[in-house]
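Worksheet for the structure shown next.
All heavy atoms count here, side chains included; hydrogens, waters and symmetry mates do not. Just so we're on the same page: letters track the sequence lines, and every chain starts at 1.
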Amino acid sequence: MAEKLRIWVAVKHGVDVNLARADRATGLVKLDSAPRRTSDFDKNAVEEAVRLRDKRPGAVVTAISVGGPAAREALRDAVAIGADEAVLVTAPNFAEWDTRAVARLLAAASRALGGFDLFVLGEGSTDHFAGLVGPRLAGELGCADIAYVRRLTVEADGVVAEKDLEKEVETVRARFPVVLTVGQEINTPRLPTFMSNLKASKKEVRVVSPADLSVAAEALAPVVVTERVAVPEVPRKQVTISGASPDELAARLKDALRAEGVLP
Amino acid sequence: MSDEVVLCYSEETGLAEELVRLARAAAPSDGSRVRAVVLPGAPADAADRLVAAGAHGIDAVTGAASPDPAATSDGLRAVVVATAPTLVLIGSTKRGREVTGRLAGALDLPAATGVTALRLDPDGIRVDREALSGNAVAVERIVRRPAVVAVMAGSGAPTATAVTSVDRRTHPVAAFEAKTERSEVRPKAGGQLEIEKADRIVTIGRGLKKKEDLAIIEALAKALSAEVGCTRPLAAESGWLSDDHWIGLTGHRVRPKLYVAIGVSGAVQHLVGMRSSKVVVAVNKDPNAPIFAQADYRITGDLYQVVPALVKAFA
Ligand SMILES: Cc1cc2nc3c(=O)[nH]c(=O)nc-3n(C[C@H](O)[C@H](O)[C@H](O)COP(=O)(O)OP(=O)(O)OC[C@H]3O[C@@H](n4cnc5c(N)ncnc54)[C@H](O)[C@@H]3O)c2cc1C
Ligand SMILES: Nc1ncnc2c1ncn2[C@@H]1O[C@H](COP(=O)(O)O)[C@@H](O)[C@H]1O
């Protein structure tokens, strides 16, 4: 570990899943024009990084986003929570970049810009929810990774983390450098104040291109292409059960469910 | 595209069997070979079960077992190098998704997770996966092979196709490169419930005012021979129910015959977990709750009046 703990956090400016709308006729969602915002778990990632920094004098939190100019908003959110530095990796064809390209760029940026002890990411982005970028980054760099972290302690040369799996919680130890992914159970991200927002809006963002990071354009060529995104049609009967009293309601529902053949 | 190899792996043997069946159904030619990977630490009967599910070959990796994702990825990598598959299928559990990313990153392969359907087309591998927090289904085309694809449990695997002869190989891995060290494993509280398998589910949301009131929900579940499900806040925030009851994007995906949602608003992240239910009943005091758009039978009312009446009616 460097004398001063270097913490990186990846923040995605993704599609706002509550505002994305499907075309009525085709059922297809237009992703290009959908409103975007900072991915939920990435705020937890920044919050966790900032809390660690505050316990470790000299530690620095660098927030990084890969995307278009609008991704500056995700970096602004990160700085408003408390990140010290902001890096935007961008190029005119950013819209083509898939998960592999994003992970490669994060890996290249961390190498080119001084390295990290801890790299914290969301365990899934709100729109894509693949859970791929963190483990890909670790696989590419050949360093330790711990996904689904719910509790984190930093020691002199590494971390101890609680990893949340379906049926068990593991306590896992790793030495630096380590890639961690977190979900919303790890903490509650602070709400930025007026002053922190103001500071964030003034913060200079370091803008780098793949070429600056010595990544050739071919290395970012898409290998996974999203062909269509559609809202599934699950036809529901939408029958309103009404009655003069709760008992009458209950009796009617019972008749309906018996007719459906779903009662024991 | 003849003589393709599809590799299947999951730390959950049941899910690995599903992958084998799915691969047999999806494999494009008679020459295709479906092989299952067995890593150190797997149950003793894993290989036999995978053969019974239809695997043409078993790739057993030997060496010291470790739950570390880098070690798992190393074991799989040894088999990928030896068998040159066009496709690696992994069970899309939490561990499975982590290993998918790790392996894909290490070998610079395309990857997809949370996949519910898969087609091997001439111009690429097409997968269906949940997108937009479960609001939508995305079709992704993977344009380069091999690819690593993590498939969700219950993705319509048909019955097993028999094999006549099985090709068994062993791949010794001298040193797994475990990058993390596990010092403790704590089973989650509850943890026994397998809500995915329930035929009927009564799900409670934040409409419930206090923990003690769970009694009326449990009474209804009992009357319906149902399991109790819940939304995220009741498991992750108030902790009134253990995680094995939690339904949705970050919880469990269920497909019961009957799903009764009580005091549940119907956020997209919840709906993704219950969308495959056959018949949906919703009870909510807000007539505009989004859950009603996903319901077959809608009851607008206060759960504290409706549920006791339901308990009486169904008892
Ligand atoms: C990345 C991410 C992942 C998530 N994953 C999940 C997940 O896996 N599962 C999940 O459930 N959520 C998940 N969530 C949270 C989700 O967005 C919602 O916040 C959550 O589902 C809301 O739970 P609820 O319906 O119980 O509560 P609320 O939204 O608060 O709804 C309570 C409902 O109860 C009704 N109500 C209140 N009182 C009564 C009464 N007396 N009688 C009848 N009705 C009443 C209200 O009208 C309201 O509709 C996730 C969120 C994010 C950002
Ligand atoms: N374009 C991006 N820029 C920065 N970080 C990203 C980007 N895409 C994904 N990530 C990070 O990777 C995590 C997992 O994303 P995903 O693999 O898409 O589920 C997110 O929570 C972010 O921390």
Note to self: Quick check on A:D164 against chain B: is it the side chain, the backbone, both or neither that has a heavy atom closer than 4.5 Å?
What the structure shows: both

Item checked: Region of A:V15 in contact with chain B, defined by heavy-atom distances below 4.5 Å -> side chain

Notebook entry, point to check: Salt bridge or not for A:R252 and A:D255, using N-O below 4.0 Å?
Noted result: no

Next item on the list: Return the option, out of B:Q305, B:Q269, B:R129, B:Q294, with the maximum number of heavy-atom pairs under 4.5 Å with chain A.
Entry: B:R129

Checklist line | SB check A:E166 B:R95 (cutoff 4.0 Å) | finding: no

Next item on the list: Examine whether an atom of B:D302 lies under 4.5 Å from a heavy atom of chain A, and if so say whether it belongs to the side chain, the backbone or both; otherwise answer neither.
Entry: neither

Next item on the list: Considering only heavy atoms and a distance below 4.5 Å, find which of B:K278, B:R144, B:R182, B:K257 pairs most often with chain A.
Entry: B:R182

Check: Does B:S10 reach the main-chain N or O of B:E12 with its side chain, forming a donor-acceptor pair under 3.5 Å?
Finding: yes

Next item on the list: Please look at A:R104 and chain B and tell me whether the side chain, the backbone, both or neither of the residue comes under 4.5 angstrom of a heavy atom of that chain.
Entry: side chain

Note to self: Taking A:R36 first and then A:D16, would you say they form a salt bridge - that is, a charged N and a carboxylate O separated by under 4.0 Å?
What the structure shows: no

Item checked: Per-residue contact mode, A:L137 against chain B (heavy atom under 4.5 angstrom) -> neither

Next item on the list: Using a strict cut-off of less than 4.0 Å between a Lys/Arg side-chain nitrogen and an Asp/Glu carboxylate oxygen, indicate whether B:K188 and B:D244 qualify as a salt bridge.
Entry: no

Note to self: Under a plain distance cut-off of 3.5 Å, with no hydrogens placed, do A:N187 and A:E48 share a side-chain donor-acceptor pair?
What the structure shows: yes

Check: Going by an N to O cut-off under 4.0 Å, is there a salt bridge joining A:D42 and A:K12?
Finding: no

Check: Can you say whether B:V268 sits under 4.5 Å from chain A via the side chain, the backbone, both, or neither, judging by heavy atoms?
Finding: side chain

Item checked: Carboxylate-amine/guanidinium proximity below 4.0 Å for B:E196 and B:R255 -> no

Notebook entry, point to check: Which answer fits A:L257, side chain, backbone, both or neither, if we ask what part of it has an atom under 4.5 Å from a heavy atom of chain B?
Noted result: side chain

Checklist line | Structural part of A:T99 lying under 4.5 Å from a heavy atom of chain B | finding: neither

Notebook entry, point to check: Is it true that B:R232 and B:E237 have a side-chain N and a carboxylate O under 4.0 angstrom from each other?
Noted result: yes

Notebook entry, point to check: Of the backbone (N, CA, C, O) and the side chain (C-beta and beyond), which part of A:E248 lies under 4.5 Å from a heavy atom of chain B, both, or neither?
Noted result: neither

Note to self: Could you tell me if the side chain of B:Y259 sits less than 4.5 Å from the side chain of B:V281, heavy atoms only?
What the structure shows: no

Note to self: Less than 4.5 Å to any heavy atom of chain B: does that hold for the side chain of A:Y148, its backbone, both, or neither?
What the structure shows: side chain

Margin query: Need one label for A:V231: side chain, backbone, both or neither, based on atoms under 4.5 Å from any heavy atom in chain B.
Written below: both

Note to self: For B:T93, which atoms come within 4.5 Å of any heavy atom of chain A: side chain, backbone, both, or neither?
What the structure shows: both

Margin query: Using heavy-atom distances under 4.5 Å, tell me whether A:R100 contacts chain B through its side chain, its backbone, both, or neither.
Written below: side chain

Checklist line | Pairing of B:R186 and A:E168 as salt bridge, 4.0 angstrom limit | finding: no

Next item on the list: Measure A:R150 against the heavy atoms of chain B and call it side chain, backbone, both or neither at under 4.5 Å.
Entry: side chain

Checklist line | Residue among B:P308, B:G101, B:P110, B:A104 with most heavy-atom pairs under 4.5 Å to chain A | finding: B:G101

Notebook entry, point to check: Given that the side chain runs from C-beta out, which part of A:A138 has a heavy atom under 4.5 Å from chain B: side chain, backbone, both or neither?
Noted result: both

Next item on the list: Look at B:E98 together with B:R102 and state whether they make a salt bridge at an N to O cut-off of under 4.0 Å.
Entry: no

Notebook entry, point to check: So what's closer than 4.5 Å to chain A heavy atoms on B:D243: side chain, backbone, both or neither?
Noted result: side chain

